[in-house]
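Report on the structure given below.
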Amino acid sequence: QLQLVESGGGSVQAGGSLRLSCVASGNTDGSNCMAWFRQAPGKEREGVAAIYIGGGTTYYDDSVKGRFTISHDKNKKTLYLQMSRLTAEDTAMYYCAADYLPPPPPVALSKDEYNYWGQGTQVTVSS
């Protein structure tokens, strides 16, 4: 199994930046896709960004494209999400996700495609 632990969340002013990290442990060799999701109170969990580990292909939700960057350090077994130009709408609990079987690209940002999840890290953006 995979264990995922997020960190880096906190409070930031609108327009600011934040960098989230997700450290993977356990059986990580077979993991082919990792992603970031977020969930605000009363809202569905939504996909933010995904990356295919082998080839490095990335996918972003339109709401964050151009502002967020997902990356992965294979040696450190760590997933990152660099967030810039944050707005109040970015306030949410952010979750790291992974799966051994990579989803097809059209559903790379679908939460139902991932079986392993971290506990989440809170991001709060004040206006």
Side-chain angles (χ1 to χ4, degrees):
Q1 282 195 325
L2 287 175
Q3 292 82 47
L4 307 173
V5 180
E6 305 96 332
S7 63
S11 181
V12 64
Q13 291 183 319
S17 300
L18 209 59
R19 183 179 175 89
L20 305 183
S21 300
C22 172
V23 179
S25 61
N27 185 14
T28 62
D29 292 340
S31 180
N32 290 316
C33 189
M34 299 186 73
W36 287 99
F37 291 78
R38 65 186 181 186
Q39 187 168 21
K43 300 292 185 66
E44 295 289 328
R45 189 170 299 187
E46 62 179 7
V48 176
I51 182 169
Y52 287 86
I53 304 302
T57 304
T58 59
Y59 297 89
Y60 296 92
D61 184 77
D62 289 339
S63 65
V64 305
K65 194 171 185 178
R67 299 189 299 120
F68 291 9
T69 301
I70 187 171
S71 61
H72 184 262
D73 187 324
K74 187 170 294 185
N75 292 330
K76 295 183 177 180
K77 298 182 179 181
T78 302
L79 181 74
Y80 301 97
L81 184 67
Q82 178 66 52
M83 305 183 293
S84 300
R85 290 180 284 149
L86 288 162
T87 72
E89 287 69 36
D90 295 316
T91 295
M93 184 73 74
Y94 282 72
Y95 297 91
C96 174
D99 204 274
Y100 294 112
L101 297 177
V107 292
L109 296 178
S110 175
K111 65 181 186 297
D112 294 334
E113 298 294 328
Y114 297 87
N115 291 308
Y116 299 92
W117 297 85
Q119 293 297 310
T121 184
Q122 179 68 40
V123 172
T124 302
V125 184
S126 60
S127 59

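Note that this is a predicted model, so its numbers are computed, not measured.
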- Note on the structure: Between C33 and Y114, the two heavy atoms sitting closest are SG-OH, 3.2 Å
- Task: Output the distance between atom NZ (K77) and atom SG (C22), rounded to the nearest 0.5 Å.
- Result: 13.0 Å
- Task: State whether the side chain of T91 and the backbone N or O of A88 hold a donor-acceptor pair below 3.5 Å, judged by distance alone.
- Result: yes
- Query: In Å and rounded to the nearest 0.5 Å, what is the OH to SG distance from Y80 to C96?
  - Reply: 11.5 Å
- Side chains of Y52 and P103: does their closest heavy-atom pair fall under 4.5 Å? yes
- To the nearest 0.5 Å, what is the distance between CZ (R67) and NZ (K65)? 13.5 Å
- Query: Given a cutoff of under 4.5 Å between side-chain heavy atoms of I, L, V, M, F, W and Y, with clusters grown through shared members, what are the other residues clustered with I70?
  - Reply: L2, L4, V12, L18, L20, M34, W36, V48, I51, I53, Y60, V64, F68, L79, L81, M83, L86, Y94, Y100, Y116, V123, V125
- Decide whether D61 and S63 meet the rule of one side-chain donor and one side-chain acceptor closer than 3.5 Å. yes
- In this structure, OG of S126 is separated from CD of Q13 (nearest 0.5 Å) by 5.0 Å
- Query: Is there a donor-acceptor contact under 3.5 Å from the side chain of E46 to the main chain of R38?
  - Reply: no
- Item | Backbone N/O of A35 and side chain of Y95: donor-acceptor pair under 3.5 Å | no
- Atom CD in Q82, atom OG in S17: separation rounded to 0.5 Å? 6.0 Å
- Ignoring hydrogens and angles, tell me if any N or O in the side chain of E6 forms a donor-acceptor pair with the backbone of Q119 under 3.5 Å. yes
- Query: OG1/T121 to CE/M93 distance, rounded to the nearest 0.5 angstrom?
  - Reply: 7.5 Å
- What are the two closest heavy atoms between Y59 and A108, and how far apart are they? CD1-CB, 4.1 Å
- Query: Do D99 side-chain atoms and N115 backbone N/O form a donor-acceptor pair below 3.5 Å?
  - Reply: yes
